[in-house]
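Data first, discussion second: the structure below is written as structure tokens.
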Amino acid sequence: MLDTTPGTAPGAALPDHPDFLWRNPDPKKVYDVVIVGGGGHGIATAYYLASRYGITNVAVLEKGWLAGGNMARNTTIIRSNYLWDESSGIYEHSLKMWEGLEEDLGYPLLFSQRGVLNLAHSLQDVRDSKRRVNANVLNGVDAEWVDADGVKELCPIVNISPDVRYPVLGATYQPRAGIAKHDYVAWGYARAASALGVDLIQNCEVTGLDVRGGRVVGVQTNRGTIAAGKVALAAAGHSSVVAGFAGIRLPLQSHPLQALVSELLEPVHPTVVMSNAVHVYVSQAHKGELVMGAGVDSYNGFGQRGAFHIIERQMSAAIELFPVFARAHLLRTWGGIVDVTPDASPIVSLTDVSGLYLNCGWGTGGFKATPGVGDTFAATIANDAPHPLVAAFTLDRFRTGALVDEHGAAAVAH
Amino acid sequence: MQLIECPNCGKREEIEFHYGGQAHIAYPEDPAATTDHEWSDYLFFRDNPKGPFAERWYHGGGCRRWFNAVRDTTSYRFLAVYQPGERMPALPGTRVTR
């Protein structure tokens, strides 16, 4: 009950603000490991450094607020149905970790394995999709091919009529795929990492990397110099900028990627539907919004916003696929900055600078990898050697030519 | 919608244009003579600055010609447009990655 006694300050009787989930410390002078970037990957890496690899003197430096970049802006899709063995390895490792993550973190994540359909709209799509299904099955990833009627059965609101511009000919289906609540994932990791002694430091922008004798010894920030035994970069769209402080050139281009949500609706969409050909992917959040992602804006951009015609095309594709959406109202749109590699696979790598590690290039699909890369990047940092599951994703592959081309399975046009 | 000033056609809507990435990247004179490092530089490595960037654009919905532009990747504002083959115009007080 509100206390309405005269003379009492408004709100005085309201309940206390809930406890913060993590400490908000000032930076110390020295850490064993400094992680640059307080998004999902950075926080998860810190958590696994502390919980699995015994390194607790760790700071995560975030220039803005915790998990306010792509971790707050993605469309929360989780799946592991990638084509190549290397990709299956890391994404399936991640999906298996998702399946036990709520228990591990002791925190609800609204992880929902509602399945994902990746639609095929042309004969070539059908061939590529079936090939990917077969590759997935050989790698122990659950996947099957469903025809158009099968799509309709799994997601009744999809328009499978043959007389549309891009008819639905079928889809790959991964039943164990799904969504999770992105903010809860970040908060769950942050809470657990903080409890293990990790310092999560917000409003702390890295402005330089100190390298001496070929070895990284610390970082410059707007809150002073911080010495570090090892420095790990997890700066997503800003990776090129941060790596540039150590003279490292990356094969990345940063692009705007937009998404949007509708107003809250009754449950109409039981699964996740993605279409590479028409540039839209859709699920319905627990609260009821339809969550839709677009393709990237073509130009390089660091503005966390994109062009309106991208949204317009995405909407026209969505309405052709889901005619029922025509009556939904748009609630809001936003953009993030995604760091795209030439082969649409990530870079998780040692560098020529001793003690400096890279995790970047996840492009449009980093959210699903959060647990998997947190674990394997932490192992890579702790052992100063690539974890076997990320050994293929070196920076060096762009010199040797050993690319891992996942443009087909990346599912977002870029 | 953002208007882009094509050096041939004047201001047109962004939707008429295609992006061509970093400008002033020459195809190697003798590709077979390049080292793996030089060839991979040409294939895969482009600058990715936060700020002014010299880029190629194609006006597919108009003159159907390529041109160059300096654009700020933070504000998306076009600072200059110029013809391919021309030198980048001087932009006093601006450090451009090209």
Most contact-rich option vs chain B, by heavy-atom pairs under 4.5 angstrom, among A:Leu252, A:Val241, A:Ile337, is A:Leu252
If you tally heavy-atom pairs under 4.5 Å between each of A:Asp343, A:Leu403, A:Thr400 and chain B, the highest tally belongs to A:Leu403
Whatever's closer than 4.5 Å to a heavy atom in chain B on A:Leu250 counts as backbone
Bottom line for B:Trp57: the part with an atom under 4.5 Å from chain A's heavy atoms is side chain
Those residues of residues 70-84 of chain B that come under 4.5 Å of chain A on a heavy-atom basis, listed by number, are B:Arg71, B:Thr73, B:Thr74, B:Ser75, B:Tyr76
| said: Please check if the number of heavy atoms outside A:Trp65 that lie under 6.0 Å from its CH2 is greater than 12. | reply: no
Q.
Both conditions, 6.0 Å and 45 degrees, for the charged tip of A:Arg399 above the ring of B:Phe44: are they met here?
A. no
In terms of heavy-atom contacts, B:Phe53 and A:Asn300 come closest through CE2-ND2, 3.6 Å
Is there a side-chain contact between B:Asp47 and A:Arg249, using heavy atoms and a 4.5 Å cut-off? yes
Among residues 25-35 of chain B, those lying within the under-4.5 Å heavy-atom range of chain A are none
For A:Phe398 and B:Ser40, the nearest pair of non-hydrogen atoms, with its separation, is O-CB, 3.0 Å
Ordered numerically, the heavy-atom neighbours of chain B under 4.5 Å found in residues 306-319 of chain A are A:Ala307, A:His309, A:Arg313
Note to self: Heavy-atom count check: over 12 atoms from other residues, nucleotides or ligands less than 6.0 Å from A:Asn203 CG?
What the structure shows: yes
Filtered by a 4.5 Å non-hydrogen cutoff, the part of residues 14-21 of chain B contacting chain A is B:Glu14, B:Ile15, B:Tyr19
In short, A:Lys63 meets B:Lys50 closest at the heavy-atom pair NZ-NZ, 3.9 Å
